[in-house]
Amino acid sequence: MINSHILARLLGQIFRALEQLEAKGEIPRGLKFTRVTVDPPRDLSHGELATNAAMVLAKEARLKPQELAHKIGQALTALPPESEDVTIQSWSVEGPGFLNFRLAPAVWQAELHRALALESRFGASEIGRGQRVNVEYVSANPTGPLHLAHARGAVVGDALAALLEFTGHKVCREYYINDAGAQVEVLARSLYHRYRQAAGEDIGEVPAGLYPGDYLRPIAADLYAKTGAAWQNRDEAEWLPFFMATAIAAMLNMIKTDLAQLGIKHDVFASEDQLVKAGAVARVLESLTQMGLIYQGHLEAPKAGKAAESHEDWEDRPQTLFRSTEFGDDSDRALLKSNGSYTYFANDIAYHLDKIDRGFTQLINIWGADHGGYVKRMAAAVKALSQGQVTLDVKLCQLVTLLDNGIPVKMSKRAGTFVTLAEVVEQVGAGVVRFIMLTRKNDMALEFDLAKVVEQSRDNPVFYVQYGHARAASVLRMAREGAGDGKPAYDLSPQTLLTTDLSGLTSEEELSLIRLLAFWPRLVEQASEAHEPHRIAFYLGEVAAAFHSLWTKGRENATIRFIQPEDQKGTSARLTLVAATKLTLSVGLRILGVEPIEEMR
RNA sequence: GUCUCUGUAGCUCAGUCGGAUAGAGCACAGGUUUCCUAAACCUGGGGCCACAGGUUCGAAUCCUGUCAGGGACACCA
């Protein structure tokens, strides 16, 4: 528990106090403390930290909440001290039974040393207990370059993976290649078309139903250079497998390149095609049959609305169905198509069983919102296959609309105004793309404005946070170098910072920043447990705001300026605070996959 | 019709597995630069947390229903 954060340590003390009360018979034995928490109150007048212990236990303890809170407070102060304890300066009982605390400033000050000692591990924890988590993200069909919508899932998945790793999970970053369906055949035909063009045939317009994008041209040209006319004028059955393999490989390369530009690298690329060919689908259907979860039955046609209209060709027929309704789905789901081949769902079941068999206890999939209707059946399948032992969390990412200074950028594949991810990254930078993608909850639609995301102002969150980091870096740089004209240079080596006397950091402005930094490890835990990396981005905005505020207040109140030549001891203490701020910002940015900026230009 | 997400200040959004008087930015009004980056900061007004019930010490948060908007809805991937 060496690295447990300040709230956890106080909570531990409260548990010990409660045990004391139990031992003395002041409260009944066997109460469950699981609902007891320690939180920072919204309003500082309610203390720096507060616990709900008395309120959640009052009923079972048969005491008035206020009375119980007093008992807990007294027991806390009477507790024999332990090394990780926080020193409670004062406590009070307020409102319906809150027990509010103020801690000794030294406790908060020491948090800075704790943070700096941990360096890039500040906020890291072992709450994941080495659990093996599979995060599947992007998984775009290998039929073309990535565009901006893919980037959102890519960034959310990648940041979540990093966050889980940071909190003690063993994470596998995975990409599922849908290389078994009709789409890749279309891709192969599209490539063949470009190949004939490269060979000098006049093939006119790209036929409808094929991918018209120019990105196939260089691949076709390359292919022609290598194989010459060998594939011309032959039956599709002859060239299709080769063109399919070639096209998929080329598309994957392109996708990997796009992802690499965003700093994303997957550990595993799982191929649907290989899974099918290896018989995994057949096997999983076999075992589901043995479990009695597959039957021949009929599905009802869609009743009304758009769905009914778009399925005029509905035919009632017996189908091979999976009993997903037994696991919370709304309908049983087909596993075989009318031509006898596997449905995408059947393949996906096999794929998820494969993940389970590889030993993951937690599966996380990042999907586009258009796959929302697919979540329940997949969750049902995972539940069935793992006997409820493996959880599946699907994060649906809503649409990203691309704007340029408030005006929607029209995208059309046909008109060639299709904006790829690579183009956006080139224009605004990987860090900006990553951060902006995390400035909204995944289930909220997001606007990505090419002009605004590079604007250098308060309403651009990336800039604001980066500026905070650069400002902190600037102060430290200046202090380290001294500024000529007799100003002292400061030793900012880690050893020195870790032993700095911080007792001068007592102003409310300074303490509020310190508190915010001290809550970072807890925020990381919460973001990790909720699978919500966007919380990191918002927290970093808060830290930046607190830091900018402190900075500017130094103009009016000279006693809190960071560097004061006539006060070297105080300056060292404040520089330690600046260093811890910079550290927190950089650790947070790195989890999001954003490189912190040392200097604004 | 079914499922699903969303509904919080004029606008864009946060809101801690239920906590005290609901927050931030933008916009609006006013202010801060002999001083570490004004690329920043400070002050102010502005809210039936869509609506109605329920659960309990306590609800923006959990449950049910209603309304409004987005998305999905046999075999496609």
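Every chain is numbered from 1 and lettered A, B, ... according to where its sequence line falls, protein lines coming before strand lines.
Each of B/G19, B/A74, B/U37 was ranked by its minimum atom distance to the side chain of A/Gln319; first place goes to B/A74. Minimum atom distance to the side chain of A/Met600 is reached by B/U37, of the listed B/A77, B/G15, B/U37. For A/Asp39, whose side chain is taken as the heavy atoms from C-beta onward, the closest listed nucleotide among B/U16, B/A77, B/G19 is B/U16. With distances taken from any side-chain atom of A/Pro96 to the nucleotides B/C17, B/G19, B/G71, the minimum falls on B/G19. Checked against B/U37, B/G15, B/C76, the side chain of A/Tyr344 finds its nearest nucleotide in B/C76. The listed nucleotides are B/A74, B/A77, B/A20; the one nearest the side chain of A/Glu94 is B/A20. Residue A/Arg377 places its side chain closer to B/C75 than to any other of B/G19, B/C75, B/C41. Taking every side-chain heavy atom of A/Gln183 into account, B/A77 is the closest of B/G19, B/A74, B/A77.
Judged by distance alone, the side chains of A/His371 and A/Asn365 never bring a donor and an acceptor atom under 3.5 Å apart. For the residue pair A/Gln526 / A/Tyr539, no side-chain donor-acceptor distance below 3.5 Å is found, with atom types taken as modelled.
Both A/Leu399 and A/Asn100 lie close to RNA chain B; mapped to their nearest nucleotides by heavy-atom distance, the more 5′-ward contact belongs to A/Asn100. Place A/Gly181 and A/Thr51 on RNA chain B by their nearest nucleotides, and A/Thr51 ends up nearer the 5' end.
At B/C41, one or more side-chain N or O atoms of A/Tyr464 fall inside 4.0 Å of OP1 or OP2 (strictly under the cut-off). In terms of phosphate contacts, A/Ser474 brings a side-chain nitrogen or oxygen within less than 4.0 Å of OP1 or OP2 of B/U37. For the OP1/OP2 pair of B/A38 and a distance below 4.0 Å, the side-chain nitrogens and oxygens of A/Trp551 include at least one atom meeting the criterion. A/Arg458 has no side-chain polar atom (N or O) that falls below the 4.0 Å cut-off from OP1 or OP2 of B/A40. Distances shorter than 4.0 Å separate none of the side-chain N or O atoms of A/Thr37 from OP1 or OP2 on B/G19.
With a 4.5 Å cut-off on side-chain heavy atoms, A/Val276 and A/Asn347 count as touching. The shortest distance between side-chain heavy atoms of A/Leu68 and A/Leu57 falls below 4.5 Å. Residues A/Arg440 and A/Arg152 are in side-chain contact: their nearest non-hydrogen atoms beyond the backbone lie under 4.5 Å apart.
A/Arg515 pairs with exactly one of A/Glu508, A/Glu542, A/Glu510 by the salt bridge (Lys or Arg N to Asp or Glu O under 4.0 Å) rule, that one being A/Glu508. Applying the side-chain contact (heavy atoms from CB on, under 4.5 Å) test between A/Leu540 and each of A/Leu585, A/Leu523, A/Ile591 identifies A/Leu585 as the sole match.
Taking atom C1' in both B/U61 and B/U56, the straight-line distance is 14 Å, to the nearest Å. Distance check on atom P: B/G58 versus B/U21 gives 13 Å, rounded to whole Å. Spacing of C1' atoms, B/C42 relative to B/A24, comes out at 15 Å, to the nearest Å. Straight-line distance between the C1' atoms of B/U8 and B/C51: roughly 14 Å, to the nearest whole Å. B/C57 and B/G69 have their C1' atoms separated by 37 Å, given to the nearest Å. Rounded to a whole angstrom, the distance from the C1' atom of B/G19 to that of B/A60 is 12 Å. If you take atom P in B/A9 and the same atom in B/U43, they sit 22 Å apart, rounded to whole Å. For the C1' atoms, the distance from B/G45 to B/G31 is 15 Å, rounded to whole Å.
Note: A/Phe538 and A/His534 have perpendicular aromatic rings, judged against thresholds of 30 and 60 degrees for the angle between ring planes.
Using a 4.0 Å heavy-atom distance criterion, A/Asn52 is classed as a base contact. At the heavy-atom level, A/Glu315 lies under 4.0 Å from base atoms of the strands shown.
By the side chain to side chain donor-acceptor pair (under 3.5 Å) test, A/Thr325 pairs with A/Asp332, sequence neighbours left out. For A/Tyr175, the ring pair (Phe, Tyr, Trp, His ring centres under 6.0 Å) partners are A/His266, A/Phe269, not counting sequence neighbours. Under the rule for a side chain to side chain donor-acceptor pair (under 3.5 Å), A/Ser512 has no partner lying at least two apart in sequence or in another chain. Annotation: salt bridge (Lys or Arg N to Asp or Glu O under 4.0 Å) contacts of A/Lys64 (sequence neighbours excluded): none. Remark: A/Pro28 pairs with A/Leu31, A/Ala61 by the side chain to side chain contact (heavy atoms under 4.5 Å, CB included) rule, at least two apart or across chains. Taking the side chain to side chain contact (heavy atoms under 4.5 Å, CB included) definition, one finds that A/Ala527 meets it with A/Leu163, A/Arg535, A/Ile536, sequence neighbours left out. The side chain to side chain donor-acceptor pair (under 3.5 Å) check on A/Gln131 picks up A/Thr361, A/Gln362, with sequence neighbours excluded.
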Atom pairs, N/O to N/O, protein against nucleotides 28-35 of chain B, distance under 3.5 Å?
from  : atom 1 : to       : atom 2 : distance (Å)
B/C35 : O2     : A/Arg561 : NH1    : 3.4
B/C35 : O2     : A/Arg561 : NH2    : 2.1

Expected rows: protein N/O vs nucleotides 5-14 of chain B N/O, under 3.5 Å:
from  : atom 1 : to       : atom 2 : distance (Å)
B/C5  : O2'    : A/Asp443 : O      : 3.3
B/U12 : O2'    : A/Arg440 : NH1    : 3.4
B/C13 : O5'    : A/Arg440 : NH1    : 3.0
B/A14 : OP1    : A/Lys441 : N      : 3.2

N/O-N/O pairs, protein side and nucleotides 58-69 of chain B side, under 3.5 Å:
none

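Rounded to an integer number of Å, the gap from CZ of A/Phe519 to P of B/G15 is 18 Å.
For A/Arg522 against B/U16, a side-chain N or O and a base N or O form a donor-acceptor pair under 3.5 Å.
Proximity of the aromatic rings of A/Tyr464 and A/Phe435 is defined here by a centroid distance below 6.0 angstrom, and this criterion is not met.
Taking every heavy atom of residues 466-473 of chain A and every atom of RNA chain B, pairs under 4.0 Å involve A/Tyr467, A/Arg471, by number.
Under the stacking definition used here (centres under 5.5 Å, planes under 30°), the residue A/His46 qualifies as stacked on the base of B/A20. Residue ring and nucleobase are not stacked for A/Tyr374 and B/A72 under a centre distance beneath 5.5 angstrom and an angle between planes beneath 30°.
In this entry the base of B/U33 is syn relative to its sugar, with a glycosidic angle within 90° of 0.
A salt bridge links A/Asp567 with A/Arg574; the closest basic N to acidic carboxylate O contact falls under 4.0 Å. Salt bridge status for A/Glu326 with A/Lys383: absent, with no side-chain N to carboxylate O gap under 4.0 Å.
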- Query: So what's the dot-bracket for RNA chain B: Watson-Crick or G-U pairs under 3.5 Å, [ ] if a pair crosses, | if it pairs off-strand?
  - Reply: (((((((..((((.....[...)))).(((((.......))))).....(((((..]....))))))))))))....
- CA sep, side-chain torsions, deciding dist, call: A/Tyr176, A/Glu272, side chain to side chain contact (heavy atoms under 4.5 Å, CB included): CA-CA 7 Å; A/Tyr176 182 46; A/Glu272 180 185 9; 3.2 Å; yes
